[in-house]
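Report on the structure given below.
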Amino acid sequence: MTTERYNTREAEPRWQAAWNDKRLFETAADDGRPSYYVLEMFPYPSGRIHMGHVRNYAMGDVVARYKRAKGFSVLHPMGWDAFGLPAENAAMEKKVHPKVWTYDNIAAMRDQLKSIGLSLDWSREIATCDPDYYAQQQRLFLDFLKAGLAYRRKSKVNWDPVDNTVLANEQVIDGRGWRSGALVEQRELTQWFLKITAFSEDLLAALDELPRWPEKVRTMQKNWIGRSEGLSIRWEIVRDAAHGGSPTREIEVYTTRPDTLFGASFVALSPDHPVSAACAECEPELAAFIEECHRAGTSAAALETAEKKGFDTGLRVRHPFDPDWELPVYVANFVLMDYGTGAIFACPAHDQRDFDFATKYGLPIVPVVAPEGTDPEALIADGAYDGDGRLVNSRFLDGMTVDEAKEEVARRLEAETLDATPVAARKVNWRLRDWGISRQRYWGCPIPVIHCDACGVVPVPDDQLPVLLPEDVSFDRPGNPLDRDDSWRNVPCPTCGGPAHRETDTMDTFVDSSWYFARFTAPRAGTPTEPAVANRWLPVDQYIGGVEHAILHLLYARFFTRAMKATGHVGMDEPFAGLFTQGMVVHETYRDADGQWVAPAEVRVAEADGARGAVRISDGQPVEIGPIEKMSKSKKNVIDPNDILETYGADTARWFMLSDSPPERDVVWSEAGVEGASRRVQRVWRLANEAAAKGALKGAAAPAEFSEPALALRRAAHGALARVGEGIEKFHFNVCVAASNELTNALSQALQGDAAVGEDMAFALREAAEILVLIVAPFAPHLAEECWAALGHETLVAETPWPEADPALLASDVIVYPVQVNGKKRDEITVPVDADAAAIEAQVRALEAVARAIGDKPIRKVIVVPRRIVNVVA
RNA sequence: GCGGACGUGGCGAAACCGGUAGACGCACGGGACUUAAAAUCCUGGGCCGCAAGGCGUGCGGGUUCGACUCCCGCCGUCCGCACCA
């Protein structure tokens, strides 16, 4: 037995160099092989990779290496999502230019990623902050502008008056800027939008044609897009406010429950509704109420718990079905301006919000829907009823089902008119809004337009692209450096030559990641894509990343692909045919007696008397073991991949990431688990060397006859081979690892003892070792190369085809039938595969265990399920 | 509140289409090798029970010769969205 150990630190860089020298992972030109595009979500260059990256890229690499071995032409590129706020923060805090900071980080992370041994085509590397990349993004933007898919409008934004910048919703904490702590204002700014709503219907419908996406993600997108069918109803204003009044003669509301119209008790307006504003002009108390709503509205926490509040405007509207029925109009804090028409009619009996409101202000609550045989009043005794039923208290609707009543109301109101136009119209409403992409930031892709007083918004002409970011900027003052850089900002108008200025907003960084997968297919092209090449590779066959991008990134990318199709850059609608969302890497947390977090590296965990305990290594003080949580700096439960790679090597880290836990679930990182993976790596290496010494020579012919032990080993090898291939196709990597472990165990068994082996076993040993090496290769590629060389090969595993499992060895010539009596297993019998049911039954009836189990009852039936099981019914 | 997912040994988990529940691994026990340890190898184990046997996939029902798997009703955990009319 060999006592040496496999030296990962020496071997891994050596094999990486070997792959690199042969340029094995650079994607070949179209050579007629079927193509396969594997992509993992590209990282933000924070400066260090984390364990989540290792897991994500290990999964992608398994697929890439497997598909390559299966004969596909594989595209597996890597790049950097390199624009964004952290670079500007670093510039402010550390006085480093964002560009320098970003490219330094990229260099550091590239080295780290390369040490993992991923089969990436580095020749296609892109960073979204490369002028080459964002130049093409500017072309796309201008094409979208021309196609009407980009436009400018006024929009409310969160404005931080101290930092002079716009904040995203998630950057506003309790109504204050996350950085400055200043009270955030709502400001109207003119912003650029991309018209994602142009594709609402298609983005929704096409989700049903993405069978290889997780159901969860499709559902989340469906909810986000939020299609609803309803009726838009115009209510005539019959009495104006005491002083002043409404600018219009009517109020339009949107409802999905027109059937409840006879249960209407009031109309409610959003505080931002134009009619609310008009009424407020002569009604200081109302103005104050609206102001209060705005203040409360900035805090998400306040919104959740906010009490329903309203203010009677004094306006009265006429019920569409009854000229004598007048309803009050309130301004209510729970009505949203940007959904529907910003106004609703309220039916308290069948909507909980309306119910709360009506209860508070003493408004009527009339039930109009109830299941047959129930008391409508009792139904709403302690809350709104939103279930199904038949109409009551509703005149001509009485007795109808909800659906019938909806249809009847729509039909009648479409026919009625108010001021010569129909009172109501059927309407489909969407929750999805257009995508605001303006950011008042430096480190992003400049929006390539010029503002001219005479000509308006002028696109930057193609020969003046790209609009490059100026490099000489300072971050010592708040606000957008582009805005105060006159030499960059002031330019002549491309149309009239007069004085003009550049757009100083840059694009949301989600734009950058909305098309990078397409750019990878022709990363150096002078146009955004080369359509013929893009069409060969896209859609991405397998995309892998975290669920946290289920909505925004994935929805934006789906929109972008459609917009790029509309502008002639690609030929398909969907960017990702297959999507896999992997779970997080989590770790135990530790706290000392003072409640301070302690890092895993400072802790020693030991088991004593069956209970796990932990102490701090430095002072031996006990440390409390806390819950397992996502790795985060604040809780200090972070494992640095660098430490792992140095101690155990890349293969161990990769192997561990893919063992045990199913890929879609969280994986708990533990020291013991890594140690285990490391032992497996060493064991495979040892067994491969032993098999090389004891097994047949490379390329030896198969003997005609195999003894039972040799045959068993061959079956184990081919069985594992089949299971691993199947497992990879289905993303069951943990099952693949288990299958390769089983083969490792079988090989180890066969290698026991010092006796020389026969020709048949020698052949089986080599065959099993080679299969083991090849099926382990996608998971632990360096190890595989080392073993492959030990087995006498001069070629690389990375260029070796995936072996075919021999079907004859997947099936045994005998079958073990479990024998049940009344569904409980009592015995088992072994019969030849071709044994017929009658013979099996006879054998089972004769079993002593069967007789014992049935006692003196007669056998009623014997069920023989071919190749599966026998059940005796007594 | 709405929507979705999940619940199997001490732990992570596996189980094809309804057919031997617990593969594989972690941790643990016993043994071999060793002056000793590490490493390695062998070996044990769902639970209760001396055993025969019984009980076991969150709980309660149902369908079936047979249910982790299908159906109905609960309980629990996690995730997403959230005043969307």
Side-chain angles (χ1 to χ4, degrees), chain A residues 1-3 5 214-224 226-228 230 253-257 260 268 300 303-308 332-336 338-347 350-354 356-357 383 386 429-432 547-548 550-551 607 610-612 656 659-662 664-668 670-677 679-680 682-683 686 723 726 730 732 734-745 748-749 751-752 816-828 852 860-863 865-874:
Chain A
M1 191 206 288
T2 173
T3 51
R5 284 177 65 82
E215 185 69 45
K216 178 190 166 92
V217 174
R218 285 186 282 164
T219 307
M220 283 165 75
Q221 292 213 352
K222 276 180 194 169
N223 293 341
W224 187 263
R227 183 182 197 274
S228 80
V253 309
Y254 174 74
T255 181
T256 55
R257 292 298 301 272
T260 63
L303 251 181
E304 279 169 37
T305 52
E307 194 191 346
K308 307 275 173 291
N333 63 347
F334 66 92
V335 180
L336 305 173
D338 51 3
Y339 186 80
T341 59
I344 61 160
F345 86 77
C347 177
H350 303 290
D351 182 292
Q352 190 57 43
R353 295 158 298 179
D354 301 346
D356 296 344
F357 193 91
D386 60 2
N429 231 315
W430 302 91
R431 189 180 169 278
L432 184 68
V547 237
E548 63 272 21
I551 296 175
E607 192 155 340
R612 291 181 74 239
F656 177 57
S659 313
D660 294 350
S661 291
E664 67 278 10
R665 247 180 263 180
D666 291 350
V667 63
V668 183
S670 72
E671 193 68 18
V674 194
E675 297 276 358
R679 283 198 294 272
R680 305 307 302 185
Q682 294 295 338
R683 190 160 187 240
R686 224 167 28 239
R723 284 174 67 197
E726 211 174 294
K730 290 176 172 170
H732 292 170
N734 54 326
V735 182
C736 297
V737 170
S740 63
N741 283 344
E742 280 182 71
L743 177 54
T744 309
N745 293 344
S748 172
Q749 282 290 328
L751 284 164
Q752 287 299 310
V816 178
Y817 280 89
V819 177
Q820 297 182 329
V821 175
N822 293 330
K824 281 191 178 153
K825 192 199 163 195
R826 297 295 175 180
D827 203 350
E828 55 186 38
R852 201 170 53 229
R860 287 200 285 140
K861 204 170 14 163
V862 177
I863 294 162
V865 183
R867 315 183 70 86
R868 288 266 179 234
I869 202 166
V870 182
N871 193 9
V872 179
V873 188

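Here is the naming used below: chain letters follow the sequence lines, and residue numbers restart at 1 for every chain.
- Atom C1' of nucleotide U40(B) and atom CG of Leu751(A) are separated by 14 Å, given to the nearest angstrom.
- Spacing of C1' atoms, G73(B) relative to C65(B), comes out at 26 Å, to the nearest Å.
- Separation of the C1' atoms belonging to C6(B) and G12(B) is 15 Å when rounded to the nearest angstrom.
- Using a 4.0 Å heavy-atom distance criterion, Val335(A) is classed as a base contact.
- Closest to the side chain of Glu742(A), from the set G12(B), C24(B), A15(B), is C24(B).
- Below the 3.5 angstrom threshold, one finds no donor paired with an acceptor across the side chain of Asn741(A) and the base of C24(B).
- In terms of heavy-atom proximity, Tyr817(A) sits nearest to Val870(A) at CD2-CG2, 3.8 Å.
- We find that CD of Gln820(A) is positioned 17 Å from P of U64(B), with the value rounded to whole Å.
- Nucleotide C70(B) forms a Watson-Crick or G-U wobble pair with G62(B), both donor-acceptor distances falling under 3.5 Å.
- In this structure, of U40(B), A15(B), G3(B), it is G3(B) that holds the atom nearest to the side chain of Asn223(A).
- Rounded to whole Å, the distance from CZ on Arg431(A) to C1' on C2(B) is 12 Å.
- Because its glycosidic torsion is within 90° of 0, C17(B) is reported here as syn.
- Among the atoms of the strands shown, none is found under 4.0 Å from any heavy atom of Val668(A).
- The separation of G10(B) from G45(B), taken at their P atoms, amounts to 16 Å, rounded to a whole angstrom.
- Minimum heavy-atom separation, Tyr339(A) to Ser228(A): OH-OG, 3.1 Å.
- Distance Lys216(A) NZ to C78(B) P: 13 Å, rounded to the nearest Å.
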#### Entry: Criterion side chain to side chain contact (heavy atoms under 4.5 Å, CB included) on Ile344(A) and Asp351(A), from CA distance to verdict
CA-CA 12 Å; Ile344(A) 61 160; Asp351(A) 182 292; over 6 Å; no
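- For the 3.5 Å distance criterion, the side chains of Arg683(A) and Asn745(A) qualify, holding a donor opposite an acceptor.
- Within the nucleic acid shown, Lys825(A) comes within 4.0 Å of at least one base atom, counting heavy atoms only.
- Spacing between C70(B) and C55(B) at atom C1', rounded to whole Å, works out to 24 Å.
- Counting any heavy atom pair closer than 4.0 Å across all strands shown, Asn745(A) reaches sugar-phosphate atoms only and no base atom.
- More than 12 heavy atoms of other residues, nucleotides or ligands shown are found within 6.0 angstrom of CZ on Arg431(A).
- Within 4.0 Å of Arg826(A), counting heavy atoms only, lie sugar-phosphate atoms of the nucleic acid but no base atom.
- Atom CZ of Arg860(A) is separated from atom P of C65(B) by 9 Å (rounded to the nearest Å).
- Using a 4.0 Å heavy-atom cutoff across all strands shown, Ser659(A) reaches no nucleic acid atom at all.
- Rounded to whole Å, the distance from CG on Asp660(A) to C1' on C24(B) is 8 Å.
- Among the protein residues, Lys824(A) comes within range of the sugar-phosphate backbone only, with heavy atoms under 4.0 Å from sugar or phosphate atoms but none that close to a base.
- Across G4(B), C83(B), C81(B), the shortest atom-to-atom separation from the side chain of Ile551(A) is found for C81(B).
- Nearest-nucleotide mapping onto RNA chain B: of Gln749(A) and Ile869(A), the residue sitting toward the 5' end is Ile869(A).
- In G9(B) the O4'-C1'-N dihedral to the base is within 90° of 0, which defines a syn nucleotide.
- Residue Val735(A) places its side chain closer to A14(B) than to any other of A14(B), C55(B), A85(B).
- Of the candidates A14(B), C83(B), C81(B), the closest approach to any side-chain atom of Asn734(A) belongs to A14(B).
- Among the atoms of the strands shown, only primed sugar atoms or phosphate atoms (P, OP1, OP2) are found under 4.0 Å from some heavy atom of Arg683(A).
- Under the 4.0 Å criterion applied to side-chain N and carboxylate O atoms, Arg723(A) and Glu726(A) are not assigned as salt-bridge partners.
- Checking Ser228(A) against Asp666(A), the closest nucleotide of RNA chain B that is more toward the 5' end is the one next to Asp666(A).
- Counting only distance, with no hydrogens or angles, the side chain of Ser748(A) and the backbone of Thr744(A) share no donor-acceptor pair below 3.5 Å.
- Shown here, G53(B) forms a base pair with C48(B); the pair counts as Watson-Crick or G-U wobble because both key distances fall under 3.5 Å.
- In the set G25(B), C42(B), A85(B), C42(B) carries the atom at the smallest distance from any side-chain atom of Gln752(A).
- Base pairing annotation: A5(B) forms a Watson-Crick or G-U wobble pair with U77(B), both donor-acceptor distances under 3.5 Å.
- For the pair Lys308(A) and Phe334(A), the distance from NZ or CZ to the six-membered ring centre is under 6.0 Å and the angle to the ring normal is within 45 degrees.
- As rounded to whole Å, 18 Å separates atom C1' of G1(B) from atom NE2 of His350(A).
- Remark: of the listed residues Lys824(A), Gln820(A), Lys861(A), Lys825(A), Gln820(A) is the sole one forming a side-chain contact (heavy atoms from CB on, under 4.5 Å) with Asn871(A).
- Regarding contacts with the backbone of U20(B), every side-chain N or O of Tyr817(A) stays at 4.0 angstrom or more from both OP1 and OP2.
- Taking the side chain of Ile344(A) as heavy atoms from C-beta on, and the options A85(B), C65(B), A13(B), the nearest nucleotide is A85(B).
- The interatomic distance linking Arg665(A) (CZ) with C6(B) (C1') rounds to 8 Å, in whole Å.
- Ranking A27(B), C24(B), A13(B) by closeness to the Ala672(A) side chain, first place goes to A27(B).
- The phosphate of U20(B) has neither OP1 nor OP2 within less than 4.0 Å of any side-chain N or O from Arg868(A).
- Atom C1' of A15(B) sits at a distance of 12 Å from the matching atom of C24(B), rounded to the whole Å.
- In this structure, Arg679(A) reaches the A27(B) phosphate: one of its side-chain N or O atoms is under 4.0 Å from OP1 or OP2.
- Across A82(B), G19(B), A27(B), the shortest atom-to-atom separation from the side chain of Asn871(A) is found for G19(B).
- Spacing of C1' atoms, A67(B) relative to C17(B), comes out at 14 Å, to the nearest Å.
- Residue Ser748(A) places its side chain closer to C42(B) than to any other of A85(B), C65(B), C42(B).
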